[in-house]
Amino acid sequence: METWRVIASALIAFGGLILVLLAMAQTRDRKGSTNSSVALAGVISFTLVALLCVLALTVLAGPVVWGFVAAIGVVNTVLLLTS
């Protein structure tokens, strides 16, 4: 396994975990949300991040993987600055 794939997957995982927490917080802030809806949002977003990490480690092309890393970084920056 190439080193760049491991580095990119680690960056995706780190940024993705921040996005999971932000998704859960935004779900919790909605009126009428329950504990189960917050947990469901967390499970769904964590599953998507884990799937993206596995795909980055195995089959996705380099520019696509680094595009995902950049997109996650931009989304994290925007969401953290606006919250």
Side-chain angles (χ1 to χ4, degrees):
M1 189 170 309
E2 296 95 352
T3 305
W4 68 266
R5 287 188 181 272
V6 175
I7 293 169
S9 294
L11 291 172
I12 290 171
F14 179 72
L17 287 179
I18 294 171
L19 289 177
V20 168
L21 294 174
L22 286 171
M24 291 175 72
Q26 288 180 351
T27 304
R28 185 192 66 225
D29 289 343
R30 273 191 239 138
K31 186 173 184 161
S33 67
T34 61
N35 289 339
S36 61
S37 65
V38 174
L40 183 63
V43 167
I44 290 172
S45 55
F46 182 78
T47 303
L48 290 174
V49 169
L51 179 66
L52 187 59
C53 284
V54 169
L55 289 175
L57 281 171
T58 56
V59 296
L60 291 178
V64 175
V65 172
W66 290 112
F68 279 127
V69 170
I72 288 172
V74 169
V75 169
N76 273 331
T77 303
V78 169
L79 286 176
L80 290 173
L81 287 176
T82 59
S83 64

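Considering OG1 of T47 and CG of L52, their distance stands at 12.5 Å, rounded to 0.5 Å. The CG atom of L19 lies 11.0 Å from the CG atom of L48; values are rounded to the nearest 0.5 Å. If you take OG on S37 and CE on M24, they are separated by 9.5 Å, rounding to the nearest 0.5 Å. Residue L60 holds its CG atom at 6.5 Å from CZ of F68, rounded to the nearest 0.5 Å. The structure places CG of N76 at 6.5 Å from CG of L22, a figure rounded to the nearest 0.5 Å.
Between V49 and A13, the shortest heavy-atom distance links the atoms CG1-CA, 4.3 Å. Closest of all the heavy-atom pairs between R28 and S33 is O-OG, 3.1 Å. Closest approach of L57 and M1 over heavy atoms only: CD2-SD, 3.4 Å. Nearest heavy atoms, T77 versus G73: OG1-O, 2.8 Å. Closest heavy-atom contact between V20 and G42: CG1-O, 4.0 Å. W4 and A61 get closest at one heavy-atom pair: CH2-C, 4.3 Å.
Atom CG of D29 has more than 12 heavy atoms from other residues, nucleotides or ligands within 6.0 Å.
Here the side chains of V69 and F14 are not in contact, with every heavy-atom distance at 4.5 Å or above. At a threshold of 4.5 Å between non-hydrogen side-chain atoms, the residues L55 and V64 do not count as touching.
In this structure, I7 is not a member of the same hydrophobic cluster as L17, with clusters built from ILVMFWY side-chain heavy atoms closer than 4.5 Å. Under the 4.5 Å side-chain heavy-atom criterion for Ile, Leu, Val, Met, Phe, Trp and Tyr, L51 and F46 are members of distinct hydrophobic clusters. Residue L79 is not grouped with residue I44 when hydrophobic side chains (ILVMFWY) are merged at heavy-atom distances under 4.5 angstrom, including chains of intermediate members. Linking ILVMFWY residues whenever their side-chain heavy atoms come closer than 4.5 Å, directly or via other members, leaves V74 and V65 in distinct clusters. Note: the hydrophobic cluster containing I72 does not contain L81 (ILVMFWY, side chain heavy atoms under 4.5 Å, direct or indirect links).
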